[in-house]
Amino acid sequence: QFGVAWPPELRALLALLGTLSFDVKVLSSLFCLVSVSFYESLLGTTLGLLVVLLLAAVFYFKLPNPKKRKDVLLATVYFCIFTFPVMSVKIMETFACHTVDSGRFLRADYALSCDDSQWGQWAIYAGVWVIFFVVGFPLFLLTRLLRMRADLRKGKAVAPDQFMLGFLLHDYKSFGEGASVACLWEGTV
C-alpha cells in the first residue's frame, strides 16, 4: 500500500501468521466468563514469550543445517522485534501505580494494591523481565549493529545479508560512486 518493499523473511512470516489469524473479539468475549487479574495476564504473556523462545532454541540446536539454523534465529529476532512494543508496555504496567486516598493501586487493575507484598513479588518478576527483555533485547540489537558498523569502518567487505540483522540495512542504496553502506551507516550521505 505504501510502496514499502518488506524483506522476504517478513513477508513469509506475515503470510504464515495470516493463515493462523482469527477474530480476536472471540477471545476477548471468552474472558468475560473467567476473571483474569493483571498478574495472571502478565504471567500468561511473559510465559508465552518464554515458550516461543525456548521452542526456537530447541529447533536451533536440533537442526543440522546451518542455513535452517540461521532462519530460526532470524525468525526469533523478528518475533521479538514485533512483540517488543506490546510486551514492554505490559511488563512496565506492573510499575504504574496510582495514588488514591486509601493507598496506591495498579492502574492496569484497580482491584490490586501496590502497597501489599503480592505487588512486591510481581514487581520483582517484572523487574527481571525489564532487565532481560525490555533493556536486554534492545542492547543485543545495538551491540550487533555496532559490531557491523565497526567492521564497515575497518573496510571489511561485509554484505548486510551476512548478519542476522542485515534486514535493517536492506533499504539503503548507494548514492553515486564511492558511496557505500558504511557511508550510509555513518549518515554522511
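Quick caveat, the model's predicted, so the values are computed rather than measured.
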Checklist outcome for this item: When rounded to the nearest 0.5 Å, the distance separating CG of Leu141 from CG of Leu146 is 11.0 Å
Item to check | From Met92 atom CE to Leu42 atom CG, the distance as rounded to the nearest 0.5 Å | outcome: 11.5 Å
Checklist entry - Less than 6.0 Å separating the ring centroids of Phe132 and Phe137? => result no
Checklist entry - Checking Asp115 side chain against Arg104 main chain: does a donor-acceptor pair fall under 3.5 Å? => result yes
Item to check | 4.5 Å side-chain heavy-atom contact, Phe105 and Leu112 | outcome: no
Item to check | Residue pair Ala56 / Thr76: nearest heavy atoms and the distance that separates them | outcome: CB-OG1, 3.1 Å
Next on the checklist: Any side-chain to backbone donor/acceptor pair from Trp119 onto Thr94? Under 3.5 Å, distance only.
Outcome noted: yes
Item to check | Gap between atom NE2 of His98 and atom OH of Tyr110 - 0.5 Å precision | outcome: 4.5 Å
Next on the checklist: Closer than 3.5 angstrom, by distance alone: can the side chain of Arg69 be matched with the main-chain N or O of Tyr60 as a donor-acceptor pair?
Outcome noted: yes
Checklist entry - Are the side chain of Ser41 and the backbone N or O of Ser37 linked by a donor-acceptor pair below 3.5 Å? => result no
Item to check | Within-4.5 Å side-chain heavy-atom neighbours: Cys80 and Leu53 | outcome: yes
Checklist entry - Going by distance alone, is a donor N or O of one side chain under 3.5 Å from an acceptor N or O of the other, for Thr46 and Lys90? => result no
Item to check | Value rounded to 0.5 Å, distance of CG in Asp116 from CH2 in Trp122 | outcome: 12.5 Å
Item to check | Intermediate values then yes/no, side-chain contact (heavy atoms from CB on, under 4.5 Å), Phe133 and Phe84 | outcome: CA-CA 8 Å; Phe133 189 72; Phe84 182 81; 3.6 Å; yes
